[in-house]
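Reading through the structure tokens given below for one structure.
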Amino acid sequence: MPDIAIVPAPRELTVTEGQWISEDPAADAVRTVVENLGETEYRIDVTPDGARLSAGSEDALRHAETTYEQLLDAAVPAEDGKVAVPAVRIADAPRFGWRGMMLDVARHFMPKDFVLKVLDVIALHRLNVLHLHLTDDQGWRVQIDAYPRLTEIGAWRDQSMVGKMTHHQTEFEYDGQRHGGFYTKDDLREIVAYAAERGITVVPEIDLPGHMQAAIAAYPELGNFPDTQLGVRQIWGISDDVLNVNDETVEFVRTVLREVLEIFPSPYIHLGGDECPSVQWTEADAAQKRQAELGLTEAGQLQGWFTAQVAEVLAEEGRRLVGWDEMVETDCPKDAVIMAWRSAERGEIAVKAGHETVMAPCESVYFDYYQGDPKTEPLAIGNFIPLEKVYDFEVIPAGLSAEEEARIVGTQCQIWTEYMEGPEQVGYMLLPRLSAFAERAWGSPKTSYDEFLTRLRPHLARIEAIGVNYRPLD
Ligand code: ACM
């Protein structure tokens with residue numbers, strides 16, 4: 001049996017008789033897009049006569065190519081400087097259409113070159129979505145021409161808290177280091193183009209109406225108490241400082257979104273919706289007035305109203321709204337795609353409510369959680385998701401009807417960066433957990449964990465070749 005290590009493993013791989021002796025098997029394989037395969041399907045046939053890659057689309061052919069490159073790592077030297085490629089038959093297609101990774105570039109800014117490397121890692125694993133969390137309380141990372149202070153002020157914080165944030169903590173220690181950065185529109189267009197060449201969609205997130213303190217620091221009139229000048233947030237956790245619900249703020253967000261849509265051709269635009277406290281809306285006169293006008297019984301219902309107002313810009317441009325699972329509780333549009341993060345159960349609730357849903361549950365695919373003993377691991381937000389647990393992740397919760405299951409359009413892993421200062425820390429937390437996640441997202445046959453590790457060990461060299469850090473196997 002040749003040493004074939006393909007990650008994620010193809011759905012069907014059969015080692016057949018013999019081998020193909022070739023001088024240059026990468027160049028000499030025949031590649032074709034064919035009509036008799038589905039759009040996402042591909043086949044690889046290596047026989048003693050040659051290698052053929054066929055696929056139902058250019059995108060699927062790219063997947064064939066990635067798999068074939070990994071197959072060629074199993075080639076062995078043959079006579080006259082040639083190599084022998086094992087004969088195989090591969091029939092493959094992804095189980096899910098949305099195979100994503102979220103990168104939080106707001107809590108800690110990540111350099112553009114690193115984002116490009118992350119795209120290489122995503123492509124290596126035949127994933128197809130990079131969700132960029134571009135804005136949060138601690139930093140605004142996207143250039144917006146109409147509102148330059150978003151990046152002049154909102155992209156920078158004077159210092160960051162040190163150590164682990166705990167519940168009800170009121171005293172903090174700070175590092176005294178200014179931190180920040182942002183992507184220009186050209187940077188983001190470069191990222192989008194680089195992704196597109198690799199069959200990856202970049203989904204931008206502008207998180208609202210909570211997680212907006214950086215924007216309110218830049219433009220105090222967006223806040224509920226504009227006489228208070230806020231700074232960009234220096235501690236982690238959830239801020240009570242959320243957007244006000246005035247007409248001018250709706251217009252502000254619409255303008256921002258129009259610029260965002262110009263940069264990102266993605267059919268999906270993420271408008272956050274998570275962790276939005278409504279305490280300030282109960283206290284601010286303008287929000288109370290708005291609540292009364294709209295006949296809402298609770299201030300929290302203003303979130304759904306606000307999101308619907310700003311999401312009109314998406315509808316005008318034919319884009320789909322994506323939101324975190326809190327959005328299901330806010331009377332959001334039926335065609336919103338829900339990203340279930342608080343638990344798998346939240347995903348069940350979303351599909352039962354009729355939403356297409358991406359499963360991103362924190363108990364399985366939050367890669368900011370510890371992957372080893374907290375005594376020896378770098379500081380992390382908490383909890384415990386070792387590699388094996390990711391490998392065991394079931395994307396589709398048990399007990400759904402076929403119709404409900406069909407609404408689960410895919411899955412996504414998350415890298416929140418409160419406790420990751422830069423690329424080295426992100427790589428360590430991301431990999432190789434992303435490799436295990438990719439198997440579940442692709443729908444690779446589940447093997448024993450040990451068999452997975454046997455394929456994963458040689459795969460680490462491919463990650464190393466991209467130049468991204470990873471956590472060594474235990
Ligand atoms: C989230 O983790 N607040 C989506």
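For clarity, every value in this text was computed on a predicted model and none was experimentally measured. Quick note: numbers below take in every heavy atom, side chains included, and nothing from hydrogens, waters or symmetry partners. Order of listing sets the numbers, starting from 1, for every ligand and every atom in it. Start at 1 with the first residue, then count along the sequence.
When only interatomic distances are considered, the shortest N/O to N/O separation between D274 and ligand 1 falls below 3.5 Å.
Both cation-pi conditions hold for R198 and Y194: the charged atom is under 6.0 angstrom from the six-membered ring centre and inside a 45 degree cone around its axis.
Close contacts of ligand 1 with W341, meaning ligand atoms under 4.0 Å from a residue heavy atom, involve 1 (C), 2 (O), 3 (N), 4 (C). Atoms of ligand 1 lying under 4.0 Å from at least one heavy atom of E275, given by number and element, are 3 (N). Close contacts of ligand 1 with Y366, meaning ligand atoms under 4.0 Å from a residue heavy atom, involve 1 (C), 2 (O), 4 (C).
Under 4.0 Å is where a charged nitrogen must lie from a carboxylate oxygen, and between D59 and R62 at least one such pair does.
Within the 6.0 Å centre-distance limit, the rings of H63 and W442 are counted as a close aromatic pair.
Looking at residues two or more places apart in sequence or on another chain, you find no side-chain hydrogen bond (donor to acceptor under 3.5 Å, both in side chains) involving E317.
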